Every structure is written in structure tokens, then in C-alpha cells.
Amino acid sequence: MVEYDYDELVDKNTERNKKYLDGFNEWLTSKNYAKKTIRTHYSNIDFYINVYLTHYEIILAENGMNEAFSF
């Protein structure tokens with residue numbers, strides 16, 4: 001069994017989440033939102049999936065919807 005430390009797992013998950021953030025950014029851009037609005041929403045989602053969902057345990061972004069209510 002391969003052992004990983006917490007920081008390695010967080011880094012891997014953050015790297016994995018880039019595809020979600022890039023897709024979200026593209027979607028917001030396609031809706032012609034203002035750049036400030038895009039930055040705000042992007043920043044909020046980035047914080048949620050890369051900080052909040054990894055605080056106590058690493059929860060994958062696609063499994064994080066159930067955690068939004070406690071956020």
C-alpha cells in the first residue's frame with residue numbers, strides 16, 4: 001500500500017480540481033458575465049472545493065454538493 005501525507009493528497013486533489021475550475025470559468029465567460037462577477041464566483045468555488053472540502057478530510061468536488069449546506 002502506498003502512503004501519502006495529507007499535503008500530497010491536497011496537492012493532487014487541487015490539481016484534479018483544475019478541470020472543474022477551468023470548465024466553470026469557460027461557462028461563466030460564455031454567459032457574458034462581467035469580469036468582476038466571474039472572478040468573484042471563480043474565487044468562491046475555488047475556495048469551496050480546494051480549501052473547505054479539504055479541511056478535515058479530502059472530499060472530491062463532485063461529492064461535495066452534500067457539504068454545501070454546512071458551508
Side-chain angles (χ1 to χ4, degrees):
M1 180 174 160
V2 177
E3 288 188 35
Y4 295 100
D5 70 7
Y6 179 76
D7 291 333
E8 285 180 75
L9 293 173
V10 168
D11 290 343
K12 286 182 184 216
N13 194 51
T14 300
E15 183 65 33
R16 185 179 172 283
N17 287 339
K18 283 184 181 180
K19 68 179 178 180
Y20 294 114
L21 289 169
D22 290 345
F24 184 60
N25 188 53
E26 288 176 23
W27 181 81
L28 290 171
T29 302
S30 75
K31 298 297 181 185
N32 295 317
Y33 289 118
K35 290 183 188 238
K36 183 178 179 183
T37 301
I38 292 171
R39 274 194 313 268
T40 299
H41 289 316
Y42 182 94
S43 177
N44 288 337
I45 295 300
D46 181 40
F47 178 82
Y48 180 71
I49 67 174
N50 286 323
V51 177
Y52 182 76
L53 291 180
T54 61
H55 187 67
Y56 293 109
E57 62 180 300
I58 296 175
I59 300 172
L60 301 178
E62 59 271 20
N63 298 330
M65 182 57 76
N66 294 332
E67 303 298 319
F69 297 108
S70 63
F71 181 64

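These numbers were taken from a predicted model, which means no experiment stands behind them. These values consider heavy atoms only, across backbone and side chains, with no hydrogens, waters or symmetry-generated copies.
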Would you be so kind as to tabulate the donor-acceptor pairs closer than 3.5 Å made by side chains of residues 32-46, with sequence neighbours excluded?
| residue | atom | partner | partner atom | Å |
| --- | --- | --- | --- | --- |
| Thr40 | OG1 | Lys36 | O | 2.9 |
| Asn44 | ND2 | Thr40 | O | 3.3 |
| Asp46 | OD1 | Asn50 | ND2 | 2.6 |

Exercise. Pick one: which of Asn17, Asp11, Leu9 meets side chain to side chain contact (heavy atoms under 4.5 Å, CB included) with Asn13?
Worked result: Asn17
Exercise. Between Lys31 and Glu26, does at least one N-O distance fall below 4.0 Å, as a salt bridge requires?
Worked result: no
For this session: With rounding to the nearest 0.5 Å, note down the distance linking CG in Asn63 to CD1 in Ile58.
Result: 12.5 Å
Problem set entry | Minimum heavy-atom distance Ile49-Ala61, with the two atoms named | CG2-CB, 3.9 Å
Problem set entry | side-chain hydrogen bond (donor to acceptor under 3.5 Å, both in side chains) partners of Glu15, counting only residues at least two apart | Lys18
For this session: Check whether Leu60 and Phe47 end up in the same hydrophobic cluster, where Ile, Leu, Val, Met, Phe, Trp and Tyr are linked by side-chain heavy atoms less than 4.5 Å apart.
Result: no
